[in-house]
Protein chains: 2
Amino acid sequence: MGGQADSIQTPRGASVSAVDDIVAAIRAMIAERGLAVGDSLPTERELCERFGTSRNTVREAMRILKARGMVEVRPKIGATLIDNRMESAFQMFSLNVMDVSRETYDDVQGFRLLLEVSSFEQIFDRLTDADVEALREINEGFRISVPVNDAAERDFRLHTRLIFILGNKAVLDVYGIMKPVILKIMLRNKTRRVFEGENYEDHARIIDALDARDRVAYQYRMREHLVNGYNRWNKAVDRGEA
Amino acid sequence: MGGQADSIQTPRGASVSAVDDIVAAIRAMIAERGLAVGDSLPTERELCERFGTSRNTVREAMRILKARGMVEVRPKIGATLIDNRMESAFQMFSLNVMDVSRETYDDVQGFRLLLEVSSFEQIFDRLTDADVEALREINEGFRISVPVNDAAERDFRLHTRLIFILGNKAVLDVYGIMKPVILKIMLRNKTRRVFEGENYEDHARIIDALDARDRVAYQYRMREHLVNGYNRWNKAVDRGEA
DNA sequence: GACGGATACTGGTTGGACAAATAGCCTTTC
DNA sequence: GAAAGGCTATTTGTCCAACCAGTATCCGTC
């Protein structure tokens, strides 16, 4: 990558872009002042004055920091340092449904088995009655949802709520970027009229296993639930219905 | 104030920011037109007209795409699609300005426990002698590596090779995205002179457990290995050495 | 046809303006 | 005196209208 002419761009004082300078300057300021997560940055206008640039330039620099998950900006509040870099990194690789291959589907489903079945120890360690209650509520909403889009959305929400129990934001973020693919899998199953009632029953029994703290039953039922949808998908794909 | 009237045709009740809308619109346009790496985007002024926003808004959206490693912008040339996402993700963490927050650290390490310990069933299902051989080889290289950077790199390669056994590209990709953070964790542990020899021994015993197909021992040793680094990190952070 | 300069177009930056949101202060009311 | 609600000042969000610097492209000259 960009190995064109290293010597040209390097002079530290004469820079390529004013915006990049501001980004570097802000980073230097963070380092110099020892700012950490939760601390505030000066206002945009202050930064303009400090660095002698226009506000638009500062704003573009701010957009970069925001895109990198380093700051959070709110009107009247200003910019505060955060560490959402991991989430931002994941979002860069958000899957686009358009170009998802069969292999990707397999991988996503395998990933789900890892996150939703193999993680049972962590799930049961952190599980509370409130979690069970929330899951039941979502599942009830799932049963009465009519449009397939809505049903798939609620289906996904239920599984997301399950992942939420893990209390791991990175895992939750990753699950989020897989959403389009997962939704597509769910949608396909539902448009093929494959027993939404059965799906509701699946969910109910999984939640029952959680409620009873029955780890063996949970693993078995969740695995069955995922693999069933998976097999239905595979059959459909093999018939060229993708 | 001519722009105010235009905003009617683009009601963004759902979204929060006009800039985010433009980002989404551009991404939609890329998908719709089937644009790929190397293709060009319309000029900023064209995008302004198309989306009915000001040029600053388009430019801020462009900054986001640039920060995500999706486009490269050159004067007179315009924006061309690229795929520098991985490098952009790395940039977020490689800069020493902001240390990885405690939360991110916890999440990543918890994620690793999921991928490397809880996945033991899948790992052992697919494990071959060639895998064991490859792991041993990497570990030997790890023992004799002197610079800490090199050691961390090899350490990561060993764990990546382990994840590789899962045969799931999505998981491998996610692990790759977390690389900068994991590397930082490893580097920290190593710069604190915490017994690289001990790390080698850890690895060796984990590989032995794999070789013997001893699932219980594998889980125990791998968990210990990860949690030990974890505790060392925590102590360092608690002492304010971050 | 080759070369060189003029031109138009592009991103980069600036300064200024108004809208929208809201934290913090102030007033009112009980 | 305290709580509720309104006001103001400040800050980000968006827009506009320029101008600059660089260069791809066209055009005229040789």
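Please read all numbers here as calculations on a predicted model, not as lab measurements. The sequence lines fix the lettering, A, B, ..., with proteins before strands; numbering per chain opens at 1.
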Pairs under 3.5 angstrom only: tabulate donor-acceptor contacts from the side chains of residues 56-64 of chain A to other protein residues two or more places apart or in another chain.
{"unit_1": "A:Thr57", "atom_1": "OG1", "unit_2": "A:Ser54", "atom_2": "OG", "d": "3.3"}
{"unit_1": "A:Arg59", "atom_1": "NE", "unit_2": "B:Glu60", "atom_2": "OE2", "d": "2.9"}
{"unit_1": "A:Arg59", "atom_1": "NH1", "unit_2": "A:Glu44", "atom_2": "OE2", "d": "2.9"}
{"unit_1": "A:Arg59", "atom_1": "NH2", "unit_2": "B:Glu60", "atom_2": "OE1", "d": "3.4"}
{"unit_1": "A:Glu60", "atom_1": "OE1", "unit_2": "B:Arg59", "atom_2": "NH2", "d": "3.3"}
{"unit_1": "A:Glu60", "atom_1": "OE1", "unit_2": "B:Arg63", "atom_2": "NE", "d": "2.7"}
{"unit_1": "A:Glu60", "atom_1": "OE1", "unit_2": "B:Arg63", "atom_2": "NH2", "d": "3.3"}
{"unit_1": "A:Glu60", "atom_1": "OE2", "unit_2": "B:Arg59", "atom_2": "NE", "d": "2.9"}
{"unit_1": "A:Arg63", "atom_1": "NE", "unit_2": "B:Glu60", "atom_2": "OE1", "d": "2.6"}
{"unit_1": "A:Arg63", "atom_1": "NH2", "unit_2": "B:Glu60", "atom_2": "OE1", "d": "3.3"}

Quick one: side chains of residues 69-78 of chain B, donor-acceptor pairs under 3.5 Å with protein atoms, not counting sequence neighbours, listed by atom name and distance.
none

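- Listed by chain and residue number, B:Pro42, B:Thr43 satisfy the side-chain contact (heavy atoms from CB on, under 4.5 Å) test with B:Glu46 (two or more places apart in sequence, or in another chain).
- Applying the side-chain contact (heavy atoms from CB on, under 4.5 Å) test to A:Arg126 and every residue at least two apart in sequence or in another chain returns A:Ile165.
- The CZ-P distance, from B:Arg45 to D:dA18, rounds to 13 Å in whole Å.
- Between B:Phe111 and B:Tyr175, a ring centre-to-centre spacing not shorter than 6.0 Å is recorded.
- Look at CD on A:Glu44: it is 15 Å from P on C:dG15, rounded to the nearest Å.
- In this view, B:Ser40 and B:Thr80 satisfy the side-chain contact (heavy atoms from CB on, under 4.5 Å) rule, not counting sequence neighbours.
- Counting to the nearest Å, the C1' atom of D:dT14 and the CG atom of B:Asp20 are 13 Å from each other.
- The stretch residues 73-80 of chain B touches DNA chain D through B:Lys76, B:Ile77, each having a heavy atom under 4.0 angstrom from the strand.
- Listed in residue order, the members of residues 53-66 of chain A having a heavy atom less than 4.0 Å from DNA chain C are A:Thr53, A:Ser54, A:Arg55, A:Asn56, A:Thr57.
- Across the protein-nucleic acid pair, B:Phe51 atom CZ and D:dT14 atom P stand 15 Å apart, rounded to whole Å.
- Taking B:Leu172 as the reference, B:Thr160, B:Ile163, B:Phe164 meet the side-chain contact (heavy atoms from CB on, under 4.5 Å) condition, with sequence neighbours excluded.
- Put simply, CD on A:Glu46 is 14 Å from C1' on D:dT12, counting in whole angstrom units.
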Return all side-chain donor-acceptor pairs below 3.5 angstrom for residues 129-141 of chain A, not counting sequence neighbours, or 'none' if the list is empty.
{"unit_1": "A:Asp129", "atom_1": "OD1", "unit_2": "A:Arg213", "atom_2": "NH2", "d": "3.4"}
{"unit_1": "A:Asp131", "atom_1": "OD1", "unit_2": "A:Arg161", "atom_2": "NH1", "d": "3.2"}
{"unit_1": "A:Asp131", "atom_1": "OD1", "unit_2": "A:Arg161", "atom_2": "NH2", "d": "2.8"}
{"unit_1": "A:Asp131", "atom_1": "OD2", "unit_2": "A:Thr128", "atom_2": "N", "d": "3.0"}
{"unit_1": "A:Asp131", "atom_1": "OD2", "unit_2": "A:Thr128", "atom_2": "OG1", "d": "3.2"}
{"unit_1": "A:Arg136", "atom_1": "NH1", "unit_2": "A:Asp208", "atom_2": "OD1", "d": "3.1"}
{"unit_1": "A:Arg136", "atom_1": "NH2", "unit_2": "A:Asp208", "atom_2": "OD1", "d": "3.0"}
{"unit_1": "A:Arg136", "atom_1": "NH2", "unit_2": "A:Asp211", "atom_2": "OD2", "d": "3.1"}
{"unit_1": "A:Asn139", "atom_1": "OD1", "unit_2": "A:His203", "atom_2": "ND1", "d": "3.1"}
{"unit_1": "A:Asn139", "atom_1": "ND2", "unit_2": "A:Tyr200", "atom_2": "O", "d": "3.3"}
{"unit_1": "A:Glu140", "atom_1": "OE1", "unit_2": "A:Arg143", "atom_2": "NH2", "d": "3.0"}
{"unit_1": "A:Glu140", "atom_1": "OE2", "unit_2": "A:Tyr200", "atom_2": "OH", "d": "2.7"}

